[in-house]
Peer 1: 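Sending over a structure as structure tokens; questions will come in a sec.
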Amino acid sequence: MEQTKYILTEKEMPTTWYNILPDLPKPLPPLLHPGTKEPTILPPPLFPAGMRDQEFSKERYIEIPEEVQDIYKLWRPTPLIRAYRLEKALDTPAKIFYKYEGVSPAGSHKLNTAVAQAYYAKKDGMKRFATETGAGQWGSALSMGCAFFGLECKVYMVKVSYNQKPYRRILMETWGAKCVASPSQDTEIGRKILAEDPNSPGSLGIAISEAIEDAFGREDTYYSIGSVINSVLLHQTIIGQEAKMQMEKAGLYPDIIVGCIGGGSNFAGTYLPFVKDKIEGKQPKLRIINVEPAACPSVTKGPYAWDYGDVAGMAPIAKMYTLGHTFIPPGIHAGGLRYHGMAPIICHLHQLGFVEAKAVPQVATFEAGVQFARTEGIIPAPEPNHGIRVAIDEALACKKSGESKTILIALSGHGHFDLGAYDEYLSGRLQDYDYPEEKVKEALTHLPEVKYVGA
Ligand SMILES: *Cc1c(COP(=O)(O)O)cnc(C)c1O
């Protein structure tokens, strides 16, 4: 066996984030103000100045503040690992690698942006964050980020996940945050939704509305989002920059990069530094496959349209693939993938043909996750199981064709808090959900009317 693990030293850790915006062959459509429907910035009362500057920055490389770098070094650089045992089990000539973000204290990539956001909020003299969380990974990451910078943290957690994953709430509370099930009684929008449907399972769109309402209502509070927006994808590019250096050490360049997309941050963070090569014509054959759940397939089934980021229509309007901001996805276990829209950068790259997308059903993703656990040891979170599913399918295709492709998987986090989901799978109770076509059709009738026709 050749080398298994490709490690970088602390000194080799990138000191800048990579901003794709200046390298896009066509400019990214702007965000539109939810009221005026004219181009806008990230709303100043909600976001740190540091992030507002980054959101539409033209600078290609943006300095990572030293305090943030120092915290990153608690778990970064993260390892790139060659999945020899999985390759052997699949009997494939493909070379499979995974970049593992589960080594972070919160168990996922989300700390990369949580720490940065807490740093920028503290710098502005803010005292508190309000945020939403799906499966709880984002809430726990931000809770830890806030603990490190002495900020309070209030987390609105999607109710279905709140009930499925109590340990995530306990993590948040251990790091000092307050966590409530969303829809909650703590906000006007939460009370309104509960009045209409006391059994609402919640959705990321609803939880976002609650957190935004909370932050709008208090001067000492910023709103924080763990995915979707440009600055968050930017913070995650540390993953891809490291992975690129590590693939170089392995003497290989990926033919396929595959990962899961919920709002798109872990996977875009992994592939944006590689997309740069494709845009520049250096790697025309590189395939980048965004994988989403068949139950919430925004990129593969949704129209490319202007839509609100949240249920209540308080968040800016973005041009994205969307299932409609009022769409409430089925309660799949990959809570982090239950979002109606998608990062505008990913949607734009898809429109331009630089990346592709696939949707996979839930049971097949757990089958892949279990095979991964039994060969590589790591029990992946339900979200990255989506990427692993497609990686295994591609590796099996290589077996048929005899091609020895290099496949890079974005392994965004571990599944230690998702064992209830594994239990359902192992005991044969886990089910697939049909694509909720009628519900999506209905939700798409609520897209905002936008007259903006600029770039
Ligand atoms: C939140 C989460 C996701 C989905 O969010 P993205 O912004 O698309 O990365 C995927 N994997 C893990 C482990 C997560 O915690």
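Please read these numbers as outputs of a predicted model, since none were measured by experiment. Numbering of ligands and ligand atoms starts at 1, following listing order. We count residues from 1, following the sequence as given.
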Peer 1: What I want to know is whether Ala381 and ligand 1 share at least one N or O pair that is separated by under 3.5 angstrom.
Peer 2: no

Peer 1: I'd like to know whether the aromatic ring centres of Tyr98 and Phe372 sit less than 6.0 Å apart in this structure.
Peer 2: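 Yes, the ring of Tyr98 comes within the 6.0 Å limit of the ring of Phe372, centre to centre.
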
Peer 1: Which atoms of ligand 1 sit under 4.0 Å from any heavy atom of Ser227?
Peer 2: 6 (P), 7 (O)

Peer 1: So, Lys159 side chain and Ser200 main chain: donor-acceptor pair closer than 3.5 Å or not?
Peer 2: yes

Peer 1: Please state which protein non-hydrogen atom is closest to atom 6 (P) of ligand 1 and give its distance, to 0.1 Å?
Peer 2: Ser265 N, 3.4 Å

Peer 1: Atom NE2 in His416, atom OH in Tyr167: separation rounded to 0.5 Å?
Peer 2: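 OH of Tyr167 is found 14.5 Å from NE2 of His416.
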
Peer 1: Could you tell me whether Tyr18 and Tyr61 have their ring centroids closer than 6.0 angstrom?
Peer 2: yes

Peer 1: So, are Glu101 and Arg76 salt-bridged, with charged N and O less than 4.0 Å apart?
Peer 2: yes

Peer 1: Mind checking whether His109 has an N or O less than 3.5 Å away from an N or O of ligand 1?
Peer 2: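 So ligand 1 has an N or O lying under 3.5 Å from an N or O of His109.
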
Peer 1: Relative to Tyr435, does Lys301 satisfy both conditions: NZ or CZ under 6.0 angstrom from the six-membered ring centre, and within 45 degrees of the ring's axis?
Peer 2: yes

Peer 1: In terms of side-chain heavy atoms, does Asp277 have a donor or acceptor partner in Tyr253 at a distance below 3.5 Å?
Peer 2: yes

Peer 1: Should you measure from each heavy atom of Gly413, which atoms of ligand 1 turn up under 4.0 Å away?
Peer 2: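 In order of number, 13 (C).
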
Peer 1: For atom 4 (C) of ligand 1, what is the nearest protein heavy atom, given as residue, atom name and distance?
Peer 2: Gly336 O, 3.5 Å

Peer 1: Check whether any heavy atom of Glu101 sits under 4.0 Å from an atom of ligand 1.
Peer 2: no

Peer 1: Decide, yes or no, whether a salt bridge links Asp214 with Arg128 under the criterion of side-chain N to carboxylate O below 4.0 Å.
Peer 2: yes

Peer 1: Distance to 0.1 Å, residue and atom name: give those for the protein heavy atom nearest to atom 14 (C) of ligand 1.
Peer 2: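 Looking only at protein heavy atoms, the one closest to atom 14 (C) of ligand 1 is Lys110 NZ, 2.8 Å.
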
Peer 1: Does Ile261 approach ligand 1 within less than 4.0 angstrom via side chain, backbone, both or neither, non-hydrogen atoms only?
Peer 2: backbone

Peer 1: Evaluate the ring planes of His235 and Trp17, with Trp represented by its six-membered ring, and classify them as parallel (under 30°), tilted (30 to 60°) or perpendicular (over 60°).
Peer 2: tilted

Peer 1: Within the 4.0 Å heavy-atom shell around Gly264, which atoms of ligand 1 are there?
Peer 2: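 Here the atoms of ligand 1 in question are 6 (P), 7 (O), 8 (O).
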
Peer 1: Using a strict 4.0 Å cut-off to heavy atoms of Gln137, name the atoms of ligand 1 that fall inside it.
Peer 2: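 Ligand 1 atoms under the 4.0 Å threshold to Gln137: 13 (C), 14 (C), 15 (O).
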
Peer 1: Checking a contact table here: which protein heavy atom is nearest atom 11 (N) of ligand 1, and how many Å away?
Peer 2: Ser412 OG, 2.7 Å

Peer 1: Quick one: nearest non-hydrogen protein atom to atom 10 (C) of ligand 1, plus distance?
Peer 2: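 That would be Glu383 CB, 3.5 Å.
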
Peer 1: Could you say whether the N/O atoms of Gly226 and ligand 1 ever approach to under 3.5 Å?
Peer 2: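 No.
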
